[in-house]
Asker: 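Okay, here's the structure, questions in a sec.
Keep in mind it's a predicted model, so treat the numbers as computed, not measured.
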Amino acid sequence: MNKNTTDITLSAYFNDIVIGYYEDEELVKQFGRQLGFDVDMDVFMAVSFQYPSDMNVTFEDREKLTQAAEAVIALSEINGKINGKQIITCDAGVCVILITHDKAAMRDLQEKVKVTAAEEVAKIPSERKIRVGIGTIESGIKGIKHTYSNAQDAVKAGEIFKKDRVILEYMGMEIYSSINQMVVNFGDRLTRTVLKQLGETEKRVLSKYYKCKEDIAETAAQLGMTEEEVKNSLAQVKINTGLDVNDTEDNFKLHFITIAKKVLENDEKIRRNR
């Protein structure tokens, strides 16, 4: 972005900001005013439409998301008044950044976005699941960066922890996003000591046990095992690792390790398919 720019689209404007190439904050604010909003006073919220992270997304795939993105753009009065391209290419899909004058208006808009986005995604022909990430409500240049990255992170965490959801709000996914990032950075160190001491049956039982909210009867039913077999497997976990599911602190560690295992497996799957 430079002072000779006279015709800038909203997508180019936001890309210059979220990617971080701007040098002159006053110039950024000036172009915002020319487009019809105040970077410091107005509020922003990113909405990201994405395919799975392990998918090789083509131009044609992204084009399928255009109508859904445009329907969301139309919900904002400010966005609706701005001409030109507003859709940003990002990660495994596209993103739009909505603008309102205050947080109350954005919260009202947010509810409409969730309904409209879900309806539009349902119309898109795709063999792979499309998810919608909704970023935090922010203001300022740094705030635009935050809502943009938060919308992407909500989708990434949802792929692992909330696989059945289409709409993923960062405010509901924040803890999962943090766990996801921490595990990607330190997961191997966190898991290798315990997991290498467990057999495949113990790993499978432990994973299903937490998925079934620590209900032994439900775990047994879903695995096609007897309750006694499940109990024996959990007892074997204690023998092999020293960690007891009936101890509060040990139980937390084991639960976290099963989550970390899932995250690492997903991360490895993404790397293999790139």
Asker: Report the distance from atom CD of Gln110 to atom CD1 of Ile134, rounding to the nearest 0.5 Å.
Answerer: 5.5 Å
Asker: Please check if atom CD in Glu214 has more than 12 non-hydrogen atoms from other residues, nucleotides or ligands closer than 6.0 Å.
Answerer: yes
Asker: Ignoring hydrogens and geometry, is there a side-chain-to-backbone donor-acceptor pair from Thr219 to Asp215 under 3.5 Å?
Answerer: yes
Asker: List the atom of Cys90, the atom of Arg62, and the distance in Å for their closest heavy-atom pair.
Answerer: O-NH2, 3.9 Å
Asker: Does any part of the side chain of Gln30, heavy atoms only, come nearer than 4.5 Å to the side chain of Leu27, both counted from C-beta?
Answerer: yes
Asker: Do Asp61 and Met55 come close enough that some side-chain heavy atom pair is under 4.5 Å?
Answerer: yes
Asker: Crowded around Lys238 NZ? As in, over 12 foreign heavy atoms under 6.0 Å?
Answerer: no
Asker: Is Glu159 paired with Lys156 through a side-chain N to carboxylate O contact shorter than 4.0 Å?
Answerer: no
Asker: Look at Arg128 together with Asp54 and state whether they make a salt bridge at an N to O cut-off of under 4.0 Å.
Answerer: yes
Asker: Starting from the C-alpha separation in whole Å, work towards a yes-or-no answer on side-chain contact (heavy atoms from CB on, under 4.5 Å) for Thr66 and Val94.
Answerer: CA-CA 8 Å; Thr66 300; Val94 301; 5.9 Å; no
Asker: With rounding to the nearest 0.5 angstrom, report the CD1 to CD1 distance, Ile73 to Ile97.
Answerer: 10.5 Å
Asker: Answer with yes or no whether the side chains of Glu228 and Thr226 bring together a donor and an acceptor at under 3.5 Å.
Answerer: no
Asker: Might you point out which heavy atoms bring Tyr170 and Asn150 nearest each other, and give the distance in Å?
Answerer: CD1-O, 3.3 Å
Asker: I'd like to know whether CD of Glu77 has more than 12 heavy-atom contacts from other residues, nucleotides or ligands below 6.0 angstrom.
Answerer: no
Asker: Do NZ/NE/NH1/NH2 and the carboxylate oxygens of Lys213 and Glu218 come within less than 4.0 Å?
Answerer: no
Asker: Is there a path of hydrophobic side-chain contacts, each under 4.5 Å between heavy atoms of I/L/V/M/F/W/Y residues, joining Ile124 to Ile87?
Answerer: yes
Asker: Which distance, rounded to the nearest 0.5 Å, do you find between the CG of Asn15 and the CD1 of Ile8?
Answerer: 9.5 Å
Asker: Using side-chain heavy atoms (C-beta onward) and a distance below 4.5 Å, is Lys129 in contact with Lys163?
Answerer: no
Asker: Okay, side chain of Gln152, backbone of Asp91: is any donor-acceptor separation there less than 3.5 Å?
Answerer: no
Asker: Could you go through the side-chain contact (heavy atoms from CB on, under 4.5 Å) check for Ser11 and Ile88 one step at a time?
Answerer: CA-CA 5 Å; Ser11 62; Ile88 303 166; 4.2 Å; yes
Asker: Give the minimum heavy-atom separation between Phe44 and Gly140, together with the two atoms involved.
Answerer: CE1-N, 4.3 Å
Asker: Answer whether the closest heavy-atom distance between the side chains of Leu223 and Arg204 falls below 4.5 Å.
Answerer: yes
Asker: Can you check whether Ile130 reaches Tyr51 side chain to side chain, under 4.5 Å on heavy atoms?
Answerer: yes
Asker: Once ring-ring contact (aromatic ring centres under 6.0 Å, His included) is applied, do any residues pair with His101, and if so which ones, sequence neighbours excluded?
Answerer: none
Asker: If I take atom CG from residue Asp40 and atom NZ from residue Lys29, how far apart are they, to the nearest 0.5 angstrom?
Answerer: 4.0 Å
Asker: Find out if a path of hydrophobic residues (ILVMFWY) with successive side-chain heavy-atom gaps under 4.5 Å connects Val57 to Phe59.
Answerer: no
Asker: Tell me whether Ile175 is reachable from Phe256 by hopping between hydrophobic residues (I, L, V, M, F, W, Y) whose side-chain heavy atoms are closer than 4.5 Å.
Answerer: yes
Asker: Looking only at heavy atoms, which two atoms of Ile167 and Ala118 are closest? And how far apart?
Answerer: CD1-N, 3.9 Å
Asker: What are the two closest non-hydrogen atoms of Ile99 and Phe14, and how far apart are they?
Answerer: CD1-CZ, 4.1 Å
Asker: Hey, does Val72 have a side-chain heavy atom less than 4.5 Å from the side chain of Asn79?
Answerer: no
Asker: With rounding to the nearest 0.5 Å, note down the distance linking CG in Leu198 to OG in Ser207.
Answerer: 12.0 Å
Asker: Walk me through whether His255 and Thr258 qualify under side-chain contact (heavy atoms from CB on, under 4.5 Å).
Answerer: CA-CA 5 Å; His255 195 176; Thr258 61; 3.8 Å; yes
Asker: Using a 3.5 Å distance criterion without hydrogens, assess whether the side chain of Ser48 forms a donor-acceptor pair with backbone atoms of Val132.
Answerer: no
Asker: Do Phe31 and Gln34 make a side-chain contact, defined as non-hydrogen atoms from C-beta onward lying under 4.5 Å apart?
Answerer: yes
Asker: Would you say CD of Glu249 has more than 12 non-hydrogen atoms from neighbouring residues, nucleotides or ligands within 6.0 angstrom?
Answerer: no
Asker: Just do the side-chain contact (heavy atoms from CB on, under 4.5 Å) check on Leu75 and Leu98 with the steps written out, would you?
Answerer: CA-CA 9 Å; Leu75 296 171; Leu98 303 179; 5.6 Å; no
Asker: For the side chain of Ser149 and the backbone of His146, is there at least one donor-acceptor N/O pair under 3.5 Å apart?
Answerer: yes
Asker: Linking I/L/V/M/F/W/Y whenever their side-chain heavy atoms sit closer than 4.5 Å, directly or via other members, would Met45 and Leu65 fall into one cluster?
Answerer: yes
Asker: What is the minimum heavy-atom distance between Ala92 and Pro52, and which atoms define it?
Answerer: CB-O, 3.9 Å
Asker: So, Tyr210 versus Asn251: side-chain donor-acceptor pair below 3.5 Å or not?
Answerer: yes
Asker: Just do the side-chain hydrogen bond (donor to acceptor under 3.5 Å, both in side chains) check on Glu202 and Asn240 with the steps written out, would you?
Answerer: CA-CA 10 Å; Glu202 286 76 46; Asn240 290 349; 4.5 Å; no
Asker: Quick one, Val237 and Tyr209 - any side-chain contact, counting heavy atoms below 4.5 Å?
Answerer: no
Asker: More than 12 heavy atoms of other residues, nucleotides or ligands under 6.0 Å from CG of Asn83: yes or no?
Answerer: no
Asker: Strictly distance-based, threshold 3.5 Å: is any side-chain N or O of Tyr13 a donor or acceptor partner for the main-chain N or O of Gln86?
Answerer: no
Asker: What distance do Ile259 atom CD1 and Leu254 atom CG have between them, rounded to the nearest 0.5 Å?
Answerer: 11.5 Å
